[in-house]
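Remember, predicted model here, so these are calculated numbers, not experimental data.
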Amino acid sequence: MSSNTKLLKMEGISKTFGKAVIALHDVHFELEAGEIHALLGENGAGKSTLIKVLTGVEERDEGKIELDGKTIHPRSTNEAQQLGISTVYQEVNLCPNLSVAENIYIGRAPRTKMGSIDWATMSKEATKLLEKFDLKLDVNKRLDNYSVAVQQMVAIARASDIQAKVLILDEPTSSLSKVEVDKLFAIMKQLRSEGMGIIFVTHFLDQVYEVTDRITVLRNGGYVGTYNTADLPRMELVSKMIGKDYQALNESLKEGQAEKEGTKTGDELISMKNVSHQGSISGMDLTISRGEVLGLSGLLGSGRSETARVLFGIDQVSEGELSINGEKVNLKHPLDAIRKDLAFCPENRKTEGIIGDLSIRDNMALALQAKKGLFKKISKKEAQKIADEYIKKLEIKTPNADQLIKNLSGGNQQKVILARWLATNPQLLMLDEPTRGIDIGTKAEIQKIVIDLAAQGMAVLFISSELDEELRCCKRIVVLKDMEKAGEVVGDNITEGAVMQIMAGGEGK
């Protein structure tokens, strides 16, 4: 539990990008020694910007930061680390091509009397450090030999060894299994007991209530309040985060569900018969009809994303037959798929979706331009018309279409990518983890959009690791296991238990 000792104090923090985007306005945040403190809010609430200000990535416009009672002004991540502020991101910021030991001791490797790196001592000390966290690894192996979960543990171990006072965990559990999350939480509690202050940024409310002592909520760049976790009911927390009546949002989604139930699927659009791609999917049989939201479920490594990659021509069919509208096709690259009116929003929007230094307007026009070809250039006027339409239709929060997409929140970036593909008027829209890492309110909005698109006759392939949203959006769920189709559930048989039974190797209807 918290020691009630103020470790970190941020007062009146404000940050503006350009003249139009107010990222933070008069934000307050306090962290105690020996505390796990959740920093929550919708995408665009200001969480990431506040962390960037604290870690020296961004310069604050106004406000004051105190660490251990002393005013600080970090101007780089290195300076922040020297002050005792360390960050572990969802995308681990270590060097995968170096060994585990080298990653732990980057910039501070033990030296021999001759001044060279003392490899034996470094390996010994790294092994000893990791054993403290119940990690038994070969520290001389490259970091990329290990899972994302292990890499995160290594990053946390490094932070503890450099005697960080403040540890920031930014969406650390998004790609972890339940067992890995439990292990991470055990380490967090251990560090808390040793007096470290931990800032925990997550979208998983169950985890917030499982491991944190206090919660600070931001909304639209402003400070909403700080609360003891045990004293804040979940529904009240959700209301504070989204700034509107959660019940009303739920009713809106229920209306969409009613539309889903009333929607009749049309003719078969996609057919995969015994389709394989070496190393990713094997003997896949799958059909998708017009007006259908088909869920693709399974554990990590089951072949969910890989199936979409084959359908979009990123990976080629090595065996079997793929047909669109009853016609056998051979998709050699994504442009073939685009010209067949297929669309794909990838799982990793940062590296595979957005082009950060382009405007919202230019990002939206990319796929349509590819479909038209280089010699049929989309005019700025046409691109602006597309942008204006989808900014309004998808309720994208931005001052204008000229805004760089990298300055938007994750949820709004996702909406821009969605708009990019809707502008091509696709027959099939493939969404791979479309709501990962975005807030509750935007999740519900995207789910409603998906249901509405199917009601208009579009086929949607919906891939999600969150079973509850697949249950909410899909009339049919295909479950994958070990890169093969393991079964499917339809209509009234769609329950969390039925899907999980198939994942575990049971029978599915």
Using 0.5 Å steps for rounding, measure from the [atom1] atom of [X] to the [atom2] atom of [Y].
| X | Y | atom1 | atom2 | result |
| --- | --- | --- | --- | --- |
| Gln207 | Phe185 | CD | CZ | 4.0 Å |
| Ile354 | Leu408 | CD1 | CG | 8.5 Å |
| Thr87 | Leu169 | OG1 | CG | 9.0 Å |
| Leu418 | Gln413 | CG | CD | 13.5 Å |
| Leu404 | Ile360 | CG | CD1 | 8.5 Å |
| Leu286 | Leu294 | CG | CG | 5.5 Å |

Answer yes or no: is there an ion pair linking [X] with [Y], defined by an N-O contact shorter than 4.0 Å?
| X | Y | result |
| --- | --- | --- |
| Asp402 | Arg361 | yes |
| Arg309 | Asp315 | yes |
| Lys136 | Asp138 | no |
| Asp452 | Lys448 | yes |
| Lys371 | Asp341 | yes |
| Asp357 | Lys406 | yes |
| Lys415 | Glu395 | no |
| Glu292 | Arg476 | yes |

If every non-hydrogen atom of [X] is compared with every non-hydrogen atom of [Y], which pair is closest and at what distance?
| X | Y | result |
| --- | --- | --- |
| Ala159 | Leu167 | CB-CD1, 3.7 Å |
| Ile355 | Ile405 | O-CG2, 3.3 Å |
| Leu130 | Val139 | CD1-CG1, 3.7 Å |
| Ala423 | Leu368 | O-CD1, 3.8 Å |
| Ala383 | Ile378 | N-CG2, 3.8 Å |
| Gly283 | Ser276 | N-OG, 2.8 Å |

Report the C-alpha distance between Thr435 and Gln447 in whole Å, list the side-chain angles of each, state the deciding distance to 0.1 Å, and finish with yes or no for side-chain hydrogen bond (donor to acceptor under 3.5 Å, both in side chains).
CA-CA 8 Å; Thr435 66; Gln447 290 163 12; 4.9 Å; no
Counting only N and O atoms by type, is there a donor-acceptor contact under 3.5 Å from the side chain of [X] to the main-chain atoms of [Y]?
| X | Y | answer |
| --- | --- | --- |
| Asp336 | Lys332 | yes |
| Gln152 | Leu184 | no |
| Thr212 | Tyr209 | no |
| Asp144 | Asn97 | no |
| His277 | Gln316 | yes |
| Lys393 | Asp388 | no |
| Thr495 | Ala498 | yes |
| Asn103 | Ser99 | yes |
| Gln151 | Tyr146 | yes |

With a 4.5 Å cut-off on side-chain heavy atoms, are [Y] and [X] touching?
| X | Y | result |
| --- | --- | --- |
| Leu94 | Arg158 | yes |
| Lys141 | Val100 | no |
| Val88 | Ile168 | no |
| Val208 | Leu40 | yes |
| Lys485 | Val478 | yes |
| Glu131 | Thr127 | yes |
| Leu431 | Ile463 | no |
| Ile314 | His333 | no |

Please check if any side-chain donor atom of [X] sits under 3.5 Å from a side-chain acceptor atom of [Y], or the reverse.
| X | Y | answer |
| --- | --- | --- |
| Gln403 | Ser359 | no |
| Gln278 | Ser318 | no |
| Glu58 | Thr49 | no |
| Arg420 | Asn363 | yes |

Pick one: which of Val460, Leu311, Ile270 meets side-chain contact (heavy atoms from CB on, under 4.5 Å) with Met430?
Leu311
Would you say [X] has more than 12 foreign heavy atoms packed within less than 6.0 Å of its [atom1]?
| X | atom1 | value |
| --- | --- | --- |
| Lys189 | NZ | yes |
| Lys385 | NZ | no |
| Glu389 | CD | yes |

Under the side-chain hydrogen bond (donor to acceptor under 3.5 Å, both in side chains) test against Asn325, which residue among Glu268, Arg290, Lys340 passes?
Arg290
Test side chain to side chain contact (heavy atoms under 4.5 Å, CB included) applied to Cys345 and Asp432, step by step:
CA-CA 6 Å; Cys345 295; Asp432 192 357; over 6 Å; no
Check step by step if side chain to side chain contact (heavy atoms under 4.5 Å, CB included) holds for Leu429 and Phe462.
CA-CA 8 Å; Leu429 176 64; Phe462 193 87; over 6 Å; no
Quick one, Met458 with Leu422, criterion side chain to side chain contact (heavy atoms under 4.5 Å, CB included). Give me CA distance, side-chain angles, the key distance, then yes/no.
CA-CA 10 Å; Met458 189 179 294; Leu422 293 180; 4.0 Å; yes
Aromatic ring pairing Phe312/Trp421, orientation class (parallel under 30°, perpendicular over 60°, tilted between)
perpendicular
Working note: Ile281 + Val310, criterion side chain to side chain contact (heavy atoms under 4.5 Å, CB included); need CA distance, chi angles, decisive distance, verdict.
CA-CA 9 Å; Ile281 59 173; Val310 168; 3.8 Å; yes
